[in-house]
Amino acid sequence: MNDRDFIQFLGTGAGDCFELYPPEGSEVNGVKAKKSRNRNVRHAPSLFISPDMLVDFFGSAQMQAYGIRDESIHHLLITHAHEDHFQPKAILDVASGLPHPWTVYGNTTVKHALDFASVHRWNASTENFELIEKTSEMPVQVVQPGQRLSVGEVKVIAVSANHMIDVKHLIQQEQALNYVFERGEKTLFYGLDSSYVLPETQKILSGFQFDIAVFDATFGLKEIDPFQSGHQNFAMLEKTITQFWEANLFKEDAILVADHISYYEVEPYNEIVNELSEKGIVLAYDGMILEF
Ligand SMILES: [Zn+2]
Ligand SMILES: [Zn+2]
């Protein structure tokens, strides 16, 4: 492989992820952390696509942990405006110290949130927001599902995730995005924060055969209501994977990844990794690298 062409999982947690690396010897998921990169320690979901792209951003610490410098990033794709995936203030703070801006791609909520955060500050004594001088220009490209983008040397297609949808009232509270990435012969699906794949997304995905597919497996072995959660457990993940195989969406040696793993709901890494592996599923961990 060209050693420039890889992806690295900077965080594989869910909404209850770790904000900071825990001190050595602290107990995590019932397992004593021998070192700070114990596989049970999951930070906010974020993916580095070499050499200069990030999907979702919580903070620079996760990049620094793997030696990725802020200034090496040029493109930031945001899936949706949940705090484990998107931190407008942190993005603006990083951008203000860089020689070049990051181009941010995301939905309209992401655009509005960055616009708001760039000119407001919370004032605790007046208990209201106050206007501030804009400190950095942040180019934001609003992305619609179905839209194709050229981002550096990578082709990107945005699709709708099945997330934040009030099933009873059919209110899509925010348009969460999943992404397809193509580089050379390789194709990657990044499908976190989604319950079962929406039909319009299935239609778009049917044009691809994936080398790597990263799926939501937030709730592990826990039983959940598939229609309310906006996420998957392992049983739902298996169903989604079967559906993908039946639709011929995977290359023969495709790598299927379970990601976005809840700290409180899911068993420790060592207790579930083999069972998943027997089903052909790779359990993601922070720092995991795959050729792409
Ligand atoms: Zn999430
Ligand atoms: Zn979410």
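Each ligand, and each atom within it, is numbered from 1 in the order the structure gives.
When you scan the N, O or S atoms of H260 for the one nearest the Zn ion (ligand 1), you land on NE2.
By the criterion of a separation under 2.8 Å, the protein N/O/S atoms near the Zn ion (ligand 2) amount to H80 NE2, H82 ND1, H163 NE2, D193 OD2.
Residues F129 and F116 place their aromatic rings such that the two centres sit under 6.0 Å apart.
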Subject >> Derivation of the side-chain contact (heavy atoms from CB on, under 4.5 Å) call for F292 and D5 >> reply: CA-CA 5 Å; F292 173 68; D5 294 346; 5.9 Å; no
**OP:** List the steps and the verdict of side-chain contact (heavy atoms from CB on, under 4.5 Å) for H260 and H85.
**Re:** CA-CA 11 Å; H260 200 274; H85 300 259; 3.4 Å; yes
**OP:** Could you give me the CA-CA distance, side-chain angles and deciding distance for N123 and N128, then say whether side-chain contact (heavy atoms from CB on, under 4.5 Å) is met?
**Re:** CA-CA 6 Å; N123 183 329; N128 200 354; over 6 Å; no
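Ionic pairing of D286 and R39 is not present here: no N-O contact between side-chain nitrogen and carboxylate oxygen is shorter than 4.0 angstrom.
Rounding to the nearest 0.5 angstrom, the gap separating the CD atom in Q62 from the CD atom in Q8 is 11.0 Å.
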